[in-house]
2 protein chains.
Amino acid sequence: MKDINLKSLEAFQAIIQTGSATAAASELGITQSGVSRLLSALEEHVGYQLFYREKGRLIPSEEALSLTKEIELALTSVERVSLLAKNIFDSDLGNLKIVAPNSFIAGPLADVISGFIEKHPNVTIDLKTNSPATAREMVAHRSVDCGFIQFPETHPGLSCVPLIQSNTVCAVPKSHPLAKRKRLKIEDLRGQDLILLGKGRESRMTIDEKFKAARVPMKIKIETQTVAIACSFVKRSLGIALVNGLLAEQYNDDGMVLLPFSPSITHQYGFISSAHAPMSRLTTAFYQHCLEYFN
Amino acid sequence: MKDINLKSLEAFQAIIQTGSATAAASELGITQSGVSRLLSALEEHVGYQLFYREKGRLIPSEEALSLTKEIELALTSVERVSLLAKNIFDSDLGNLKIVAPNSFIAGPLADVISGFIEKHPNVTIDLKTNSPATAREMVAHRSVDCGFIQFPETHPGLSCVPLIQSNTVCAVPKSHPLAKRKRLKIEDLRGQDLILLGKGRESRMTIDEKFKAARVPMKIKIETQTVAIACSFVKRSLGIALVNGLLAEQYNDDGMVLLPFSPSITHQYGFISSAHAPMSRLTTAFYQHCLEYFN
DNA sequence: ACTAGGGTATGACAAATTGTCATCGGGTGC
DNA sequence: GCACCCGATGACAATTTGTCATACCCTAGT
């Protein structure tokens, strides 16, 4: 027995709905002959007459009527496939898994994501935070779709695109004498209480090296882990913090000022995805959105 | 955009299930080239790659995976159409509406129907009883599928087939002197208390005529409507009933005897269906079953 | 490095399906 | 009787679906 055929089902439904093969034909955009043939094909498939021909008209048989419901179901479910495919095409449906440092999520990423959700309201987003090392692995192994990480990045399984860079700035308490300056040099920090973070991290080592090179001794008052905490200590006038300007921006208010620092120490964040597989359409859309956002 | 295609969906599913186009091909009974083409067609339809080709293999993309569920649904629902069509073809699914006199249902039809249900366990049956006149109309107008009715029948919208015939018999109380006879003639009933039914009906008129022709006065003790009631009066020795032998059979027990009667008055029951439309497959199956049952 | 064996893509072509046109025959309504 | 609407069908065109042969890539085992 031949395979059942989608077009004959459509023809069948059109005949049932319109009541005649001619009308069905114009609805389907084909000729009456075509409809007639499709109907014959369907009748041959099921093995019995679906319409009996009376006075030149097509009258649905009992059997045909019992089939209509099921046929309509089948057709709509095929339709749904098309629809879902289109939604996926438009990237307005799906789930996006992103890994990024908490500080980055709280800062620049928040706006990026809220803008993306606005454009694609039916997309759900999973945000995860992990250590840079595991984040790298998660992206490479595709347990998340993409991630944001501080550069440089050389993991072989990752494809990386630099997105945004910022300089280290000095967060100075409002009441501090240096707060009046336009910018601070490394020598200006001699003898000042410092608040530093990221002990052992790449960016921190760079800072240590700069101080060594400038022969300025570091008077570290507080070691901490996050920009948020460092800033809150600054606002309590416990010292001057050297932080990533991009991340510190969000905590900038009356209690402190952010001053450019020289020598410049840059931080670069980039977008990473697995090099093993091309990005899904949705991930690509998100990537494009990021590019636009960061110009 | 082209219409979506059933075969490409099947190919898609086979590829997902088996993991390769080659395996999918052998599952579908076509060649690998065919599968490759069908997949291309589907990708063209949805507008994006469903599999990315890596090292000569087909790897489903995220988008493809999100579609699998929906595609499987669509395919099974099309499958169900085929299945339902086959069930209808086998007449083991559906509903059969029958109209028949109560006495006929209680008697011969009960066995016919129970046999039919045994053969077609998923068929449901609606039994209705109406006056012969409305029964005729119901069948002609196809508000029921078929019916049983006493002949002769000349309604123009009905197609009629005689099924079974029986003779009028005398139902005589066991204790009655005539109960010893092998058969009764009309003269034997002279002066006997009679129990008759169906006043005004065709069959009753025939009885009245026979008495008139034989110049035997009728001493009607009881007029009633149903064979069941007539028989129960007989068993209480209230008189002799003239009833349709076929219908009286079921009430025949120790309390009375059924004796052939002459002149013979025959009753004929037939199968009726609408002449406007061919019988549905299920109705035809039921009709065939009736023919077999009544030989 | 070479080869065997797995995989997919594609050009060329055959088969089947789907569609059109023209035409027939039946039914309806004036 | 005539105009018109409907469905079926033969003849043929267009499109889809499938095959074969072949090319190419990758892996694994010599």
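Quick note on labels: first sequence line is chain A, next is B, and so on, each numbered from 1.
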Are the ring centres of A:Tyr269 and A:Phe148 closer than 6.0 Å? no
is_close_aromatic(B:Phe294, B:Phe271), centroid dist under 6.0 Å: no
Can you work out whether A:Gly19 or B:Asn5 has the more 5'-proximal nearest nucleotide on DNA chain D?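 Nearest-nucleotide comparison on DNA chain D picks A:Gly19.
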Separation of [X] atom [atom1] from [N] atom [atom2], in whole Å?
X	N	atom1	atom2	result
A:Gln49	D:dG7	CD	P	14 Å
B:Leu58	D:dC26	CG	C1'	14 Å
A:Phe12	D:dG7	CZ	C1'	17 Å
B:Leu9	D:dT16	CG	P	16 Å

From A:Ser40 OG over to A:His45 NE2, what is the distance, rounded to the nearest 0.5 angstrom? 14.5 Å
Please set out all donor-acceptor pairs under 3.5 angstrom arising from side-chain atoms of residues 153-162 of chain A, sequence neighbours excluded.
from: A:Glu153; atom 1: OE1; to: A:Arg136; atom 2: NH1; distance (Å): 2.6
from: A:Glu153; atom 1: OE2; to: A:His155; atom 2: N; distance (Å): 3.0
from: A:His155; atom 1: ND1; to: A:Gly157; atom 2: N; distance (Å): 3.0
from: A:His155; atom 1: NE2; to: A:Glu137; atom 2: OE2; distance (Å): 2.9
from: A:Ser159; atom 1: OG; to: A:Ser273; atom 2: OG; distance (Å): 3.2

Interface residues of residues 31-40 of chain B with DNA chain D (non-hydrogen, below 4.0 angstrom): B:Thr31, B:Ser33, B:Gly34, B:Arg37, B:Leu38
B:Ile16 versus B:Pro60, closest heavy-atom pair with distance: CD1-CB, 4.0 Å
Test side-chain hydrogen bond (donor to acceptor under 3.5 Å, both in side chains) applied to B:Lys86 - qualifying residues, sequence neighbours left out: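 In terms of side-chain hydrogen bond (donor to acceptor under 3.5 Å, both in side chains), with neighbours along the sequence ignored, B:Lys86 is linked to B:Asp90.
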Holding to side-chain hydrogen bond (donor to acceptor under 3.5 Å, both in side chains), I want the full list of residues that pass it with A:Thr129, two or more places apart in sequence or in another chain.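 For A:Thr129 the side-chain hydrogen bond (donor to acceptor under 3.5 Å, both in side chains) partners, ignoring immediate neighbours, are A:Asn102.
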Any side chain to side chain donor-acceptor pair (under 3.5 Å) pairs touching residues 111-124 of chain B, not counting sequence neighbours?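 Non-adjacent pairs meeting side chain to side chain donor-acceptor pair (under 3.5 Å): B:Asn95-B:Thr124, B:Asp111-B:Tyr293, B:Lys119-B:His289.
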Which two nucleotides bound the region of DNA chain C that has atoms under 4.0 Å from heavy atoms of chain B, read 5' to 3'? C:dG7 to C:dA12
